[in-house]
Undergrad: 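Here it is: the structure, laid out below.
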There are 2 protein chains.
Amino acid sequence: MAEKRYKKSEITREKILEVAEEHFAEKGFFGARVDEIADSADVNKRMLYSHFGSKEGLYTAVLVKTYKRLAEFEKHFIIEGIDPIASIRNIVLTSFRFLSQNPNFVRMLLWENLNMAKSVPRDELSRLKAPSLEYMREQIRRGKEQGIFRADADEFHTVFSLMNLCFSYFSNIHTMSAMLSRDMTADEEVISRAEYISDVIIKYLEP
Amino acid sequence: MAEKRYKKSEITREKILEVAEEHFAEKGFFGARVDEIADSADVNKRMLYSHFGSKEGLYTAVLVKTYKRLAEFEKHFIIEGIDPIASIRNIVLTSFRFLSQNPNFVRMLLWENLNMAKSVPRDELSRLKAPSLEYMREQIRRGKEQGIFRADADEFHTVFSLMNLCFSYFSNIHTMSAMLSRDMTADEEVISRAEYISDVIIKYLEP
DNA sequence: GGAGAAAATAACCAATTAGTTACTTTTGGA
DNA sequence: TCCAAAAGTAACTAATTGGTTATTTTCTCC
């Protein structure tokens, strides 16, 4: 049972990671404080450093963990034996489900986007390239072959728009709610938004 | 000429503001350093404080200035005497022009969105509510009245989508370029994107 | 041209920050 | 039972940070 030895260390590590995710998602890399993370996790700062080496090391670990959740979720995008239109609706709904369940993912991605090309090199993360993107494109292609979608519909831009529409709903929800004077966090609002996005995309694709 | 007195002070103020915008847009409120801003502006830190009171005061001043640029630009959204379809194309193109010319605006808005409800209270800014939003909605309504657009097209969601599609192109351009392995900063790419967005929106609105 | 106020400077301060060191406690296997 | 290694603690450090003070320079108006 060599693996089980000092299991408590692993628990501490997980606890730090969990708390750190909240802090980094909330305040970003520069806004988050190492001492605060250690305190919130009820762990000595020393342990944080022995596990992750530095603030940056901890941040990267959080980022990897966050991205992994998306990778694991991607299987839900794929449903066999449904028509391309249903497939697109499923992609939108699945994206909405993931994004609403993972607000930290949304925020971490936004921070990353803003801090890009700075301080922290994240080579391994730059090859994110979710496989589901290629899947979406396939669905459009399949629809074209079946004559359900226009042959001249732009596949690249459509996939890009679909992603943007889903993501930006969650990333701008607060600013937009204020700007448009309409609370968009309500459940029925979220669902109606997902439907609308599917409608727009499908209408564009249709002949 | 009492106003002209000590004009140099005003020049210093502008210089600080200009440099601070670059720093805050680049690194955000927490990432930017007061000393660096003062150094870059070739100005003594003391002057920065006598003009703006605090780091927060300076940040708010930059934010106000940035937002004002949008307010001034909004007139370009409005063109009299064109049909609703041309109007929507103009709105998209104008948004693209503004956003590509004001990368700092894009970044400041992203930082604001992430820091929202934190530390810095910005009451006066929360009532941003660009009047052009109402104008967009009017154009859709006008199209409906003329029978060019579907009567049951969702006005709110469409305005929201149009904004999101335009904004997210510029806010995610780097992440997305990497993810989709396609450099989207190139000029012809930007133009084709604007056209695509108009197409999607118009196709949704058409009967 | 000199008086007085505003603008500008440099050196300083107190608080906070990421990161470390020297030390004690716990653990699992022999 | 004992011991070596790992886990954990608390106090410390050096650097950085936003912000200030005491002082000198510059400018406008009489």
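Keep in mind that this is a model prediction, so the values were computed, not measured. Both backbone and side-chain heavy atoms feed into the values below; hydrogens, waters and symmetry mates do not. In what follows, chains are A, B, ... by sequence order, proteins preceding strands, each numbered from 1.
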Undergrad: Taking 4.0 Å as the cut-off, does a side-chain nitrogen or oxygen of B:Thr12 come that near to OP1 or OP2 on C:dA8?
TA: yes

Undergrad: Rounding to a whole Å, what distance do you find between B:Phe30:CZ and C:dT17:P?
TA: 11 Å

Undergrad: Can you say whether the rings of B:Phe24 and B:Phe29 are parallel (under 30°), tilted (30 to 60°) or perpendicular (over 60°)?
TA: parallel

Undergrad: Among residues 32-53 of chain A, which ones have heavy-atom contacts with DNA chain D below 4.0 Å?
TA: A:Asn44, A:Arg46, A:Met47

Undergrad: Do any side-chain atoms of residues 199-206 of chain B form donor-acceptor pairs under 3.5 angstrom with protein atoms, and if so which ones, sequence neighbours left out?
TA:
unit_1   : atom_1 : unit_2   : atom_2 : d
B:Asp199 : OD1    : B:Arg89  : NH1    : 3.3
B:Asp199 : OD1    : B:Arg89  : NH2    : 2.9
B:Lys203 : NZ     : A:Lys203 : O      : 3.1
B:Lys203 : NZ     : A:Glu206 : O      : 2.8
B:Tyr204 : OH     : B:Asp154 : N      : 3.2

Undergrad: Without decimals, in angstroms, what is the distance between A:Ile16 CD1 and C:dG19 P?
TA: 14 Å

Undergrad: Between B:Glu56 (CD) and D:dG18 (C1'), how many Å, whole number?
TA: 11 Å

Undergrad: Mind checking what makes side chain to side chain donor-acceptor pair (under 3.5 Å) contact with B:Thr66, not counting sequence neighbours?
TA: none

Undergrad: Considering only residues two or more places apart or on different chains, which pairs with a residue in residues 68-96 of chain B satisfy ring pair (Phe, Tyr, Trp, His ring centres under 6.0 Å)?
TA: B:Phe73-B:His76, B:Phe73-B:Phe98, B:Phe96-B:Tyr169, B:Phe96-B:Phe170

Undergrad: Is there any salt bridge (Lys or Arg N to Asp or Glu O under 4.0 Å) pair reaching into residues 32-43 of chain B, and which pairs are they, with sequence neighbours excluded?
TA: B:Lys27-B:Glu36, B:Asp35-B:Lys45

Undergrad: Tell me: CZ of B:Arg13 to P of C:dA7, nearest whole Å?
TA: 12 Å

Undergrad: To the nearest Å, how far apart are A:Ile11 CD1 and D:dA6 P?
TA: 18 Å

Undergrad: For B:Lys65, which residues count as a side-chain contact (heavy atoms from CB on, under 4.5 Å) partner, sequence neighbours excluded?
TA: B:Leu17, B:Glu21, B:Arg69

